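None of these values were measured; they are calculated from a predicted model. By convention here, the first residue in the shown sequence is residue 1.
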Amino acid sequence: MDTIGVKLVNKSKFEAPMYATAGSSGCDLRADIDEPVLIGPSKITLVPTGIYIGLPEGYEAQVRSRSGLALKHGIVVANGVGTIDSDYRGEIGVIIANISDAPYEILPGERIAQLVFCPVARAVFAQASDLPLTERDSGGFGHTGNM
């Protein structure tokens, strides 16, 4: 498994992000709040983590939903996957959405998301008047069938 050096400042009242198991690809982010926060059905809120990171150039950090919260309570990262660029130095906040029909209470220190580190490739665009044909061509959104 590859590793990268990431500088971390933990201004929260809780432990720093850590990997739950040797095979975990994401480390847990915790809610750095003083009292519970209630998220109503179909509502979105920004939850602070108290975590700041310094990524090396060429990497990003992705904030992803925790599968257990999503399945059991309908609590997800609202923007799908949050991207933290290598030049961002502010606090990591998690945009949480409640997609269920019941309110959910986030507790202080609760694990609310996971952080995954990924290399970044940047495109060098070449202007073209057309694109090479492929077997699929412009077929999309279900073009390849259900199986």
Side-chain angles (χ1 to χ4, degrees), residues 1-126 131 134 136-147:
M1 180 179 304
D2 293 336
T3 61
I4 61 168
V6 175
K7 293 185 178 184
L8 180 135
V9 175
N10 183 0
K11 294 184 180 180
S12 80
K13 297 169 273 315
F14 306 100
E15 62 189 344
M18 57 181 17
Y19 295 93
T21 69
S24 296
S25 60
C27 55
D28 290 324
L29 290 171
R30 295 179 179 275
D32 186 34
I33 52 179
D34 294 323
E35 55 191 47
V37 172
L38 187 67
I39 304 175
S42 302
K43 298 297 181 187
I44 297 173
T45 193
L46 179 64
V47 181
T49 65
I51 300 298
Y52 301 73
I53 58 173
L55 290 170
E57 190 173 327
Y59 287 88
E60 68 164 333
Q62 296 179 358
V63 179
R64 300 180 183 180
S65 299
R66 294 190 68 242
S67 58
L69 279 179
L71 178 63
K72 296 175 187 172
H73 304 289
I75 301 301
V76 298
V77 173
N79 50 337
V81 174
T83 298
I84 301 169
D85 296 312
S86 64
D87 57 353
Y88 178 69
R89 295 296 182 265
E91 179 181 10
I92 297 173
V94 181
I95 305 168
I96 295 286
N98 181 349
I99 61 171
S100 77
D101 57 2
Y104 183 81
E105 190 173 65
I106 295 177
L107 302 174
E110 182 174 352
R111 296 177 299 153
I112 55 170
Q114 46 185 334
L115 195 60
V116 176
F117 298 92
C118 303
V120 173
R122 295 192 75 181
V124 176
F125 295 102
L131 300 174
T134 67
R136 181 178 181 173
D137 201 30
S138 61
F141 299 108
H143 171 74
T144 58
N146 294 329
M147 295 191 196

Rounding to 0.5 Å, atoms OH (Y88) and OG1 (T83) come to a distance of 12.5 Å
Which heavy-atom pair separates L69 from R111 by the least distance, and what is that distance?
CD1-O, 3.5 Å
Testing the basics here: between G5 and P56, what is the closest heavy-atom pair and its distance to 0.1 Å?
O-CD, 3.5 Å
In Å, rounded to the nearest 0.5 Å, how long is the span from OH of Y59 to CG of D85?
15.5 Å
Taking the side chain as C-beta and beyond, is there a heavy-atom pair between L29 and V94 under 4.5 Å?
yes
Do side-chain atoms of E91 reach the backbone of G50 as a donor and acceptor pair under 3.5 angstrom?
yes
Does the side chain of I96 reach to within under 4.5 Å of the side chain of I39, using non-hydrogen atoms?
yes
Is it the case that the side chain of T49 and the backbone of I92 share a donor-acceptor pair, with hydrogens and angles ignored and the cut-off at 3.5 Å?
yes
Side-chain contact test, heavy atoms from C-beta onward, threshold under 4.5 Å: evaluate it for V6 versus F117 and give yes or no.
yes
Check against side-chain contact (heavy atoms from CB on, under 4.5 Å), V63 and V81
CA-CA 6 Å; V63 179; V81 174; over 6 Å; no
Does a side-chain heavy-atom distance below 4.5 Å link Y52 with L8?
no
Do D28 and R66 have side chains that approach each other closer than 4.5 Å (heavy atoms only, starting at C-beta)?
yes
Just by distance, do the side chain of S12 and the backbone of D32 share a donor-acceptor pair under 3.5 Å?
no
Tell me if a side-chain donor or acceptor on Q114 pairs with a main-chain N or O of S65 at a distance below 3.5 Å.
yes
Check: S86 and E60 side chains under 4.5 Å, non-hydrogen atoms:
no
So, the side chain of N98 versus the backbone of S42: is there a donor-acceptor pair under 3.5 Å, distance only?
no
How long is the span from the CG atom in L55 to the NZ atom in K7, to the nearest 0.5 Å?
12.0 Å
Can you tell me how far the CD1 atom of I95 sits from the CD1 atom of I44, to the nearest 0.5 Å?
8.0 Å
Counting neighbours of NZ on K43 that are heavy atoms of other residues, nucleotides or ligands and sit closer than 6.0 Å, is the number greater than 12?
no
Which heavy atom in V77 sits nearest to a heavy atom in G82, and how many Å separate them?
CG1-N, 4.2 Å
Distance, nearest 0.5 Å, that separates NZ of K13 from CD1 of I33:
8.5 Å
Distance (rounded to the nearest 0.5 Å) between I75 CD1 and I106 CD1
6.0 Å
Tell me the closest heavy-atom pair linking N10 and E15, and the distance in Å.
ND2-C, 3.6 Å
Pairwise side-chain contact, I51 with P17, heavy-atom cut-off 4.5 Å (strictly under):
yes
Using every non-hydrogen atom in the two residues, find where A20 and S24 come nearest and quote the distance to one decimal.
N-OG, 3.7 Å
Would you name the heavy atoms of S100 and A102 that are closest together and state the gap between them?
OG-O, 2.9 Å
Min side-chain heavy-atom separation P103-L38 under 4.5 Å
yes
